[in-house]
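Bear in mind the structure is a predicted one, so any value in this text is a computation, not a measurement.
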Amino acid sequence: MSRPPLSLSLQFARFDGVAEHRAALPRHRVARWLRAALCDDVQAAELAVRVVGEAEGRQINRDFRHKDYATNVLTFDYQGAPVVAADLVLCAPVIAREAAELDKPLAEHYAHLLVHGVLHAQGWDHETSEADAEAMEAQEARVLAGLGLANPYQS
C-alpha cells in the first residue's frame, strides 16, 4: 500500500547536545516514522517537526498549554484529513532523559513520540477518556510494530 505524500520541514533549534539529536533523527527516518502513523483517510500531510531545548520547550508549553514545564512532544494541529497539517515540537532534553530512564535507544523513543504526535494531529486523544487512551495506545503499538519497534506500553 502506498503512503500519502508528505511535506516535511525538520528543524533543530540551537541547544547543548543538538548534534546527538540530529544524528538520531535523519530526515529519511523521520519521514518514514511520520508516514507510518498516517491513517487510511489521509491523502497528504504537511508537517513541521521542530526539536528544541528545555527553555524553548518550557516556554511553548507555558504559552500554549499554561503548564510551566517542558514536555516531550506538543502537537499543534491545523487541519485534519484528508490533508493533515500540523507542527510537532519535541523537547530534546526531556526526550533524552525519558529514553535513559526507559533504557531505550534515543531514536526509538523519538519514533514513539513522533508517531504519538502525528496521531494527535489526526484527532486521536488520550486525555478525553480511558477508552480513548487505550485506543490511542493500541494504535501507537500497531504503528510501531509495523516499523519493527517494541510496544512502548509493555514492560
Side-chain angles (χ1 to χ4, degrees), residues 1-12 21 24-52 56-99 101-102 104-155:
M1 177 173 137
S2 72
R3 300 306 307 169
L6 170 66
S7 172
L8 171 61
S9 174
L10 180 57
Q11 308 164 10
F12 292 87
H21 297 272
L25 294 167
R27 183 181 181 80
H28 71 279
R29 190 182 292 171
V30 171
R32 181 172 174 252
W33 296 335
L34 295 172
R35 276 192 185 97
L38 296 173
C39 297
D40 291 339
D41 60 343
V42 175
Q43 296 174 4
E46 300 170 2
L47 303 172
V49 173
R50 181 165 173 80
V51 182
V52 302
E56 186 174 347
R58 181 178 183 172
Q59 180 177 350
I60 292 169
N61 200 25
R62 183 176 51 236
D63 291 351
F64 291 95
R65 294 180 63 226
H66 310 292
K67 296 183 179 185
D68 194 18
Y69 58 88
T71 190
N72 52 20
V73 61
L74 293 166
T75 301
F76 297 92
D77 55 326
Y78 307 115
Q79 181 176 309
V83 179
V84 173
D87 294 337
L88 305 179
V89 178
L90 295 115
C91 185
V94 171
I95 293 169
R97 280 195 301 272
E98 290 174 349
E101 290 167 5
L102 296 166
K104 286 173 67 171
L106 182 60
E108 188 174 321
H109 196 43
Y110 268 116
H112 172 212
L113 294 172
L114 285 164
V115 166
H116 182 88
V118 171
L119 290 179
H120 271 306
Q122 296 171 93
W124 295 80
D125 197 338
H126 55 87
E127 295 180 348
T128 49
S129 71
E130 185 63 34
D132 288 346
E134 289 174 8
M136 186 171 179
E137 288 175 8
Q139 181 65 9
E140 287 175 31
R142 279 190 293 277
V143 171
L144 292 169
L147 292 167
L149 300 172
N151 182 339
Y153 299 105
Q154 291 181 337
S155 44

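Under the 4.5 Å side-chain criterion, counting only non-hydrogen atoms from C-beta, Asp77 is not in contact with His120. Here the side chains of Pro152 and Leu144 are in contact, with some heavy-atom distance below 4.5 Å.
When every heavy atom of Trp124 is checked against every heavy atom of Met136, the shortest pair comes out as CE3-CA, 3.7 Å. Across all their heavy atoms, Leu149 and Ala111 have their closest contact at CD1-CB, 3.6 Å. Across all their heavy atoms, Asp125 and Asp132 have their closest contact at O-CB, 3.1 Å. Pairing each heavy atom of Ala37 with each of Leu119, the nearest pair is O-CD2, 3.6 Å. The two residues Gly117 and Val73 have their closest heavy-atom pair at CA-CG2, 4.5 Å. Here the shortest heavy-atom pairing between Pro4 and Leu38 reads CG-CD1, 3.8 Å.
Applying the side chain to side chain donor-acceptor pair (under 3.5 Å) rule to Gln43 yields no partners; only residues at least two apart in sequence or on another chain are considered. Not counting sequence neighbours, the partners of Glu134 by the side chain to side chain contact (heavy atoms under 4.5 Å, CB included) test are Glu130. Contacts of Tyr69 classified as side chain to side chain contact (heavy atoms under 4.5 Å, CB included), with partners at least two apart in sequence or in another chain: Asn61, Arg65, Lys67, Thr71. For Asp63, there are no salt bridge (Lys or Arg N to Asp or Glu O under 4.0 Å) partners two or more places apart in sequence or in a different chain. Judged as a side chain to side chain donor-acceptor pair (under 3.5 Å), and not counting sequence neighbours, the contacts of Tyr78 are Asp87. Legend: residues meeting side chain to side chain donor-acceptor pair (under 3.5 Å) with Gln122, ordered by chain and number and at least two apart, are absent.
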Please report, to 0.1 Å, the donor-acceptor pairs under 3.5 Å made by any side chain of residues 26-35, with sequence neighbours excluded.
| unit_1 | atom_1 | unit_2 | atom_2 | d |
| --- | --- | --- | --- | --- |
| Arg27 | NH1 | Leu8 | O | 3.2 |
| Arg27 | NH2 | Leu8 | O | 2.5 |

Run the side-chain donor-acceptor check on residues 88-96: report pairs under 3.5 Å with partners two or more places apart or on a different chain.
none

Applying side-chain contact (heavy atoms from CB on, under 4.5 Å), run through Val84 and Gln79 and close with a yes or a no. CA-CA 5 Å; Val84 173; Gln79 181 176 309; over 6 Å; no
Would Glu98 and Asn72 count as a side-chain contact (heavy atoms from CB on, under 4.5 Å) if you check the C-alpha gap in whole Å, the side-chain angles of each, and the deciding distance to 0.1 Å? CA-CA 9 Å; Glu98 290 174 349; Asn72 52 20; 3.1 Å; yes
Working for side-chain contact (heavy atoms from CB on, under 4.5 Å), residues Leu25 and Phe12: CA-CA 10 Å; Leu25 294 167; Phe12 292 87; 4.0 Å; yes
Trace of the side-chain contact (heavy atoms from CB on, under 4.5 Å) decision for Arg58 with Asp68: CA-CA 6 Å; Arg58 181 178 183 172; Asp68 194 18; 2.9 Å; yes
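In terms of modelled atom types and a separation under 3.5 Å, the side chain of Thr75 and the main chain of Ala121 share no donor-acceptor contact.
Arg50 and Glu56 are joined by a salt bridge, as a carboxylate oxygen and a charged side-chain nitrogen come within less than 4.0 angstrom of each other.
Residues in residues 135-146 take part in these side-chain hydrogen bond (donor to acceptor under 3.5 Å, both in side chains) pairs, two or more places apart or across chains: His112-Glu140, His116-Glu140, Gln139-Arg142, Glu140-Tyr153.
Atom OG of Ser7 and atom CG of Leu47 lie 8.0 Å apart (nearest 0.5 Å).
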